[in-house]
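What follows is a single structure, written as structure tokens, with notes after it.
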Amino acid sequence: MKRAIAVAVVAAGIAGCQGMAAKIARLDVGTQRDEVIERLGRPDSDRSIVGYEVLNWFDRRPGRFSFSHKDYTVVLKDGKVVQFGPGLIRRDGKTSLQIETGDP
């Protein structure tokens, strides 16, 4: 019985590992806001910046030696996706935004 429970927990953990990255990879520019929420679930934050709506999901997982995370951002204009991917948003000029991954 304990083995079956352990296998179920490991299977759920593995399924969660591909979670957000796999889901966000299926988005396309032009996807409607409602479809984004349906695919990714409720965002952890939702705000408006210079005429864009910015949705964030914080994918946090405890690791063996550290608490790793990868944040995902979807930028909408007029209710449609214009940018999406891993990273957080920053202003790129007066009227534009850029998802910054933190990678060099």
Side-chain angles (χ1 to χ4, degrees):
M1 182 65 171
K2 287 182 183 180
R3 186 177 198 150
I5 292 171
V7 169
V9 168
V10 169
I14 290 171
C17 288
Q18 61 171 272
M20 188 55 70
K23 289 177 187 178
I24 205 159
R26 294 184 303 189
L27 291 180
D28 291 310
V29 170
T31 303
Q32 295 287 331
R33 183 186 193 281
D34 293 339
E35 190 174 342
V36 171
I37 303 295
E38 183 179 309
R39 288 183 185 181
L40 303 181
R42 292 184 58 194
D44 294 309
S45 89
D46 181 355
R47 62 190 174 183
S48 183
I49 303 174
V50 294
Y52 293 90
E53 182 178 9
V54 179
L55 308 175
N56 290 103
W57 286 264
F58 307 120
D59 194 17
R60 309 255 191 267
R61 281 188 218 106
R64 185 172 187 176
F65 298 107
S66 69
F67 193 74
S68 64
H69 71 279
K70 185 157 242 173
D71 301 323
Y72 295 90
T73 299
V74 175
V75 180
L76 302 142
K77 180 77 171 178
D78 300 324
K80 295 181 183 176
V81 173
V82 293
Q83 289 185 59
F84 62 93
L88 294 174
I89 202 71
R90 71 174 175 83
R91 284 182 74 165
D92 189 32
K94 288 185 177 184
T95 60
S96 61
L97 302 174
Q98 179 68 37
I99 297 174
E100 191 168 83
T101 63
D103 295 335

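Any value given below was found using the heavy atoms of this structure, including those in side chains, with hydrogens, waters and symmetry copies removed. We're numbering straight along the sequence, starting at 1.
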Less than 4.5 Å apart, any side-chain heavy atom of [X] and any of [Y]?
X: F84; Y: I24; result: yes
X: L40; Y: M20; result: yes
X: S48; Y: E53; result: no

### Query
Hey, quick one: are I99 and Y52 part of the same hydrophobic cluster, counting side-chain heavy atoms closer than 4.5 Å, chains of contacts allowed?
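Same cluster: I99 reaches Y52 through Ile, Leu, Val, Met, Phe, Trp or Tyr contacts under 4.5 Å.
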Would you find a donor on one side and an acceptor on the other, under 3.5 Å apart, between the side chain of [X] and the backbone of [Y]?
X: W57; Y: V74; result: no
X: R39; Y: R26; result: yes
X: Q83; Y: L76; result: no
X: D46; Y: L55; result: no
X: T73; Y: G87; result: yes

#### Entry: Step-by-step side-chain contact (heavy atoms from CB on, under 4.5 Å) determination, I49 to R91
CA-CA 8 Å; I49 303 174; R91 284 182 74 165; 4.1 Å; yes
### Message
I'd like to know if R33 pairs up with D78 as an ion pair, taking the criterion as any Lys NZ or Arg NE/NH1/NH2 lying under 4.0 Å from an Asp or Glu carboxylate oxygen.
### Response
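So R33 does not pair with D78 through a salt bridge.
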### Query
If you measure from CD on E100 to CG on D92, what distance do you get to the nearest 0.5 Å?
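Going from CD on E100 over to CG on D92, the span is 9.5 Å.
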### Task
Rounded to the nearest 0.5 Å, what's the gap from OG1 on T101 to CG on D71? Could you check?
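With rounding to 0.5 Å, OG1 (T101) is 11.5 Å from CG (D71).
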### Query
Could you go step by step and tell me if F58 and L88 meet the side-chain contact (heavy atoms from CB on, under 4.5 Å) rule?
CA-CA 10 Å; F58 307 120; L88 294 174; 4.2 Å; yes
### Query
Considering all heavy atoms of both residues, which atom of V50 and which atom of T95 are nearest to each other, and what is their separation?
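The answer is CG2-C, 4.2 Å.
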### Query
Hey, mind stepping through L97 and V54 against side-chain contact (heavy atoms from CB on, under 4.5 Å) and telling me if it holds?
CA-CA 10 Å; L97 302 174; V54 179; 3.8 Å; yes
### Check against side-chain contact (heavy atoms from CB on, under 4.5 Å), R47 and I89
CA-CA 11 Å; R47 62 190 174 183; I89 202 71; 2.9 Å; yes
### Query
Around atom CZ of R90, are there more than 12 heavy atoms of other residues, nucleotides or ligands at under 6.0 Å?
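Enclosed.
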